[in-house]
Protein chains: 2
Amino acid sequence: MKNQIKKHFSRYVEFNDSEMDEIFSKLTIKIFRKKEYLLKEGQVCISKYFLTSGLVRSFYTDNKGSEKITQFALENWWVTNMESYIKEAPSYVSIQAIEKTTALIIDKAALEKLFIKIPKLERCFRLITENMLIAIQRRNDIYLQMKSKDRYDDLIQNFPVFTQRVPQYMIASYLEITPEYLSELRKK
Amino acid sequence: MKNQIKKHFSRYVEFNDSEMDEIFSKLTIKIFRKKEYLLKEGQVCISKYFLTSGLVRSFYTDNKGSEKITQFALENWWVTNMESYIKEAPSYVSIQAIEKTTALIIDKAALEKLFIKIPKLERCFRLITENMLIAIQRRNDIYLQMKSKDRYDDLIQNFPVFTQRVPQYMIASYLEITPEYLSELRKK
C-alpha cells in the first residue's frame with residue numbers, strides 16, 4: 001500500500017524512502033464494508049481518504065427526500081468533503097462505500113504538521129487540489145449542460161469502469177435522469 | 001495595490017515586506033477596457049489574474065452558438081482558466097471584462113519560481129485553490145439543482161453586487177433562465 005500511494009504521489013512530486021516512511025506513519029488504514037459510511041451528512045469531515053481499492057459515492061438528500069449523487073471515486077483517488085474539511089463545519093454530503101473499500105486516511109491536524117516538516121508534500125497537495133478543481137469545474141461548466149444522452153456517452157467513454165461497477169440506479173442519479181431512461185440509453 | 005494583495009494574502013499567510021517586494025516585483029499591472037478580453041477561447045491561459053478593481057465573466061459558446069456564463073469575478077478575486085493553466089492546453093472559456101478592470105497578473109513560470117523561493121506562497125495558493133474548489137463544488141452540487149427562483153434568491157442574498165453591476169441578460173445566462181423570466185422574478 002505504501003508503494004501504491006508513493007506511485008500516486010510521483011505523478012506530482014518524488015519522495016525519498018525516509019520521507020515516505022514519515023508520511024506513511026501518519027496514515028491509518030481502514031476497511032469499509034459495502035454500504036458503510038466514510039462520512040455522514042452533518043459530521044465534520046476531518047480527514048482526506050486515499051482509496052487503495054473499492055468504490056465510494058458522495059451524495060446528499062434534497063428537500064424532496066431523494067438522494068443526489070455528486071461524485072464517485074475509486075482506487076487511487078482522494079475523496080473528502082472539502083467544504084467541511086476546510087471550514088470545520090458539518091458536511092452537507094455523505095460518503096458511502098458502494099463496494100468493500102480500503103482507504104488510507106490522513107487527518108487534517110497530522111497533514112498540517114507534515115506540510116511544515118515536508119514542504120514538498122504541500123506542493124503535492126496543491127497540485128492534487130488543482131486537478132480536483134479542474135475535474136469539478138469541467139463537470140460544472142459543460143457536463144451538466146449536455147443532453148442526458150451525451151452525458152451517458154461521455155461517462156461510458158471516460159469512465160467505463162463506473163458503468164460496470166456502479167448500480168444502475170446510482171448512475172441514473174448521477175446523470176440526473178430516470179432509471180427507465182438510462183435503461184433505454186443502454187439498449188441503444 | 002501592493003497593500004490590497006497583501007491584505008488578501010493575509011487571510012491565508014502573512015508575508016513580511018521583503019517577501020511582498022519579491023512577489024510584487026513579479027506581478028504585471030494591466031488595465032482592461034470594458035468588453036476587452038483577459039483570455040480568449042482557444043488561447044493557452046498562462047497567468048493567474050488578481051482583480052484589484054472591476055468585474056469579469058468567464059463564458060463559452062455552446063454548440064448552438066449561445067454564450068454560457070460559468071463564472072463572475074470581481075475585485076479581490078483570482079481568476080484564471082485552471083484547466084488550461086495546468087494542462088497548458090487551449091482554454092474552452094473566454095474571460096472578458098464587464099467593467100473597466102485592473103488586474104495584477106502573475107505568469108505560471110514566475111509563480112513556480114516564487115514557490116521555490118518563498119514556500120509560504122505555495123501554502124497560500126494551496127489554500128486559495130481549496131477555497132475556489134469549495135465555491136465551484138457548492139455551485140455544482142447544490143446550486144444547479146435549485147429551482148430558478150431559488151437560484152435567483154441565493155444570488156441576490158449572497159452576491160447583491162452582481163445584480164447591481166452585471167447586465168440582466170448575463171445574470172439570466174448565469175442562472176440558466178430566460179431574460180423574460182428573470183424580469184418576472186425581479187418584479188416579485
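Lettering follows sequence order; numbering is per chain, from 1. Below, each value reflects all heavy atoms present in this structure, side chains not excepted, and no hydrogens, waters or symmetry copies.
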Exercise. Any idea which heavy atoms bring A/Leu133 and B/Thr129 closest together, and the distance?
Worked result: CD1-O, 3.6 Å

Exercise. Applying the 4.5 Å side-chain criterion to the ILVMFWY set and letting contacts propagate, would B/Ile116 and B/Phe125 be lumped into a single cluster?
Worked result: no

Exercise. CG/A/Leu127 to CZ/B/Arg126 distance, rounded to the nearest 0.5 angstrom?
Worked result: 12.0 Å

Exercise. If you draw a 6.0 Å radius around CD in A/Gln157, do more than 12 non-hydrogen atoms from other residues or ligands fall strictly inside?
Worked result: no

For this session: Hey, could you give me the CD/CZ distance between B/Glu122 and A/Arg123, rounded to the nearest 0.5 Å?
Result: 4.0 Å

Exercise. More than 12 foreign heavy atoms under 6.0 Å from CZ of A/Arg165: is that the case here?
Worked result: yes

Exercise. Are the charged groups of A/Lys48 and B/Glu130 less than 4.0 angstrom apart, N to O?
Worked result: yes

Exercise. Is atom NZ of A/Lys2 surrounded by more than 12 heavy atoms (other residues, nucleotides or ligands) closer than 6.0 Å?
Worked result: yes

Exercise. Does CG belonging to A/Asp17 count more than 12 external heavy atoms closer than 6.0 Å?
Worked result: no

Problem set entry | Straight-line distance of B/Met132 CE to A/Ile136 CD1, nearest 0.5 Å | 12.0 Å

Exercise. Can you tell me how far CE of B/Met82 sits from CG of A/Asn131, rounded to the nearest 0.5 angstrom?
Worked result: 9.5 Å

